[in-house]
> 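Questions regarding the structure given below will be posed in turn.
Note that these values count all heavy atoms, side chains included, but never hydrogens, waters or copies made by symmetry. Only a predicted model underlies this, so the values are computations on that prediction, with no experimental measurement involved.
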Amino acid sequence: MRLLGAGDNVVDRYLDTGVMYPGGNAVNVAVYARRCGAESSYWGRVGTDRAGDVVLTALRAEQVDVSGIRRVTGANAHADVVVVDGDRIFKDSDDGVSDFELSDADYTRLGDFDVVHTAYSGSLIEAVPRMAGHTRVSFDFSNRYDEPYVARLLPHLYLAAHSGSDLDDEQVGALLADGLRRGARHVLVTRGGAGARLATAAGEFRQPSVATDVVDTMGAGDAFIAGLLTGLLTGDSPTAALNRAARTAAGACAVSGAFGHPAPIPAPLLPHPQGERL
């Protein structure tokens, strides 16, 4: 199975420890799909600063193909984070050089992959319909349930993923039903410790969370998506694919950062947690 993560990458800068980790939705899905046994690639724009080096080095170490990365002069995207009781809280962010568009040649190359994953946090929202003309598309809406682009994208999606920790059971059911009604083949709602629910034409499937010692929840939802896609596209039943996804997400919660690979934040760039320069 060949998976492409396309769109955002960042370094998550942990202000309370002075350490940064590579991440970003599309990067995380590509990394965890590779760990699940898929061939994976990442396409995006990476800065020429130390943060860009961290992203590239980590992807290579994880054996994710980086031939589709554009290295652009400037600062890599970053997000500033503090961790409270194992949960990450975002303080500030900057997109840096991350915004990019696909070329005609890129669209043609999409046919080499079984699925491409992107998200609300990247710059490819409007590209999804054209992408779907070349391969399956997975899209992470996170908790952006009411954005105007949701209805436009759903008919083109193999997987529509939502984060629904703030929703009750009835609201989750409505979100799943609406996604299927509008044309998505699979609709996923992850709910952290409350597990996940997946809707397909064959019915609805529930997956409890897998117990783990939580160090950091960064990237857990992305890991879940990676495990689910890898399972579904290698022939697993929905039940087996969900179980794989839950175990993959539990593993993500047991490491710092989205998937490890820590590096010190360069001292001149290290902001004070309240936003002041040291």
> Taking 4.0 angstrom as the limit, do Arg34 and Asp65 come out as a salt bridge?
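No.
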> Do Leu56 and Arg60 make a side-chain contact, defined as non-hydrogen atoms from C-beta onward lying under 4.5 Å apart?
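Counting from C-beta outward, Leu56 and Arg60 do come under 4.5 Å.
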> Between His261 and Val54, is the side-chain contact (heavy atoms from CB on, under 4.5 Å) condition met? List the steps.
CA-CA 8 Å; His261 300 275; Val54 168; 5.7 Å; no
> Check the pair Cys36 / Thr248 against side-chain contact (heavy atoms from CB on, under 4.5 Å), numbers first and verdict last.
CA-CA 8 Å; Cys36 287; Thr248 305; 3.5 Å; yes
> Looking at side-chain heavy atoms only, is the closest gap between Val187 and Leu175 below 4.5 Å?
no
> State plainly whether one hydrophobic cluster holds both Val150 and Tyr145, where clusters connect Ile, Leu, Val, Met, Phe, Trp and Tyr through side-chain heavy atoms under 4.5 angstrom apart.
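Shared cluster, no.
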> Do the side chains of Met20 and Pro266 get nearer than 4.5 Å, heavy atoms only?
yes
> Among the clusters formed by ILVMFWY side chains lying less than 4.5 Å apart, do Ile225 and Phe205 turn up in the same one?
yes
> Can Asn76 and Asp49 be said to form a side chain to side chain donor-acceptor pair (under 3.5 Å), step by step?
CA-CA 7 Å; Asn76 203 80; Asp49 56 357; 5.6 Å; no
> Does Arg2 qualify as a cation-pi partner of Phe113, given the criterion of NZ or CZ under 6.0 Å from the six-membered ring centre and within 45 degrees of its axis?
yes
> If you measure from the Lys or Arg side-chain nitrogens to the Asp or Glu carboxylate oxygens, is any gap between Arg70 and Asp106 under 4.0 Å?
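Answer for the salt bridge query: yes.
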> Test of understanding: with side chain to side chain donor-acceptor pair (under 3.5 Å), list the residues that count as partners of Glu39, not counting sequence neighbours.
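Partners of Glu39 under the side chain to side chain donor-acceptor pair (under 3.5 Å) test: none.
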> Closer than 3.5 angstrom, by distance alone: can the side chain of Asn9 be matched with the main-chain N or O of Gly24 as a donor-acceptor pair?
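No; zero donor-acceptor contacts below 3.5 Å.
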> Using only atom types and a distance under 3.5 Å, with no angle test, would you say the side chain of Ser123 pairs donor to acceptor with the backbone of Phe100?
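Present.
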> What verdict does the salt bridge (charged side-chain N to carboxylate O under 4.0 Å, His left out) test give for Arg71 and Asp53, after you've listed the backbone C-alpha separation in whole Å, the side-chain angles of each residue and the deciding distance to 0.1 Å?
CA-CA 10 Å; Arg71 198 87 196 255; Asp53 293 339; 2.6 Å; yes
> Please examine the side chains of Val115 and Met1, heavy atoms only from C-beta on, and report whether any two atoms are closer than 4.5 Å.
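In short, these two side chains touch, coming nearer than 4.5 Å.
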> Tell me, do Asn243 and Arg247 make a side-chain contact under 4.5 Å, heavy atoms counted?
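In contact.
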> So Asn28 and Phe259, side-chain contact (heavy atoms from CB on, under 4.5 Å) or not? Walk me through it.
CA-CA 7 Å; Asn28 298 340; Phe259 56 94; 3.4 Å; yes
> Between Val72 and Ile69, is there shared hydrophobic-cluster membership here, with clusters defined by ILVMFWY side-chain heavy atoms closer than 4.5 Å?
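No; tracing contacts between hydrophobic side chains, which count when under 4.5 Å, never links both residues.
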> Determine whether Arg136 and Leu233 satisfy the following criterion, side-chain contact (heavy atoms from CB on, under 4.5 Å), listing intermediate values before the conclusion.
CA-CA 10 Å; Arg136 302 174 184 89; Leu233 291 170; 3.7 Å; yes
> Hey, does Met218 have a side-chain heavy atom less than 4.5 Å from the side chain of Phe90?
yes
> State, with a plain yes or no, whether a side-chain heavy atom of Ser40 is found less than 4.5 Å away from one of Val64.
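Side-chain contact under 4.5 Å: yes.
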> If we ignore hydrogens and angles and just use 3.5 Å, is the side chain of Asp236 paired with the main-chain N or O of Leu232 as donor and acceptor?
no
> Side-chain heavy atoms nearer than 4.5 Å, only ILVMFWY residues, links allowed to pass through others: does that put Leu180 and Phe139 together?
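No, Leu180 and Phe139 fall in different hydrophobic clusters.
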> Between Phe141 and Tyr149, what is the ring plane arrangement, given parallel below 30°, perpendicular above 60°, and tilted in between?
parallel
> Using atom types as modelled and distance alone, determine if a side-chain donor or acceptor of Ser142 lies under 3.5 Å from a backbone N or O of Arg144.
no
> Less than 6.0 Å separating the ring centroids of His186 and Tyr158?
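Yes, they do, as the ring centres are separated by less than 6.0 Å.
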> Do Tyr21 and Asp216 meet the criterion of a side-chain donor-acceptor pair at a distance under 3.5 Å?
no
> Could you go step by step and tell me if Arg130 and Asp104 meet the salt bridge (charged side-chain N to carboxylate O under 4.0 Å, His left out) rule?
CA-CA 10 Å; Arg130 186 175 175 187; Asp104 289 342; 3.0 Å; yes
> Identify whether Trp43 and Val137 are in the same connected component of the hydrophobic contact network (ILVMFWY, side-chain heavy atoms under 4.5 Å).
yes
> Test side chain to side chain donor-acceptor pair (under 3.5 Å) on Asp8 and Ser121 and set out the steps.
CA-CA 6 Å; Asp8 64 316; Ser121 50; 3.1 Å; yes
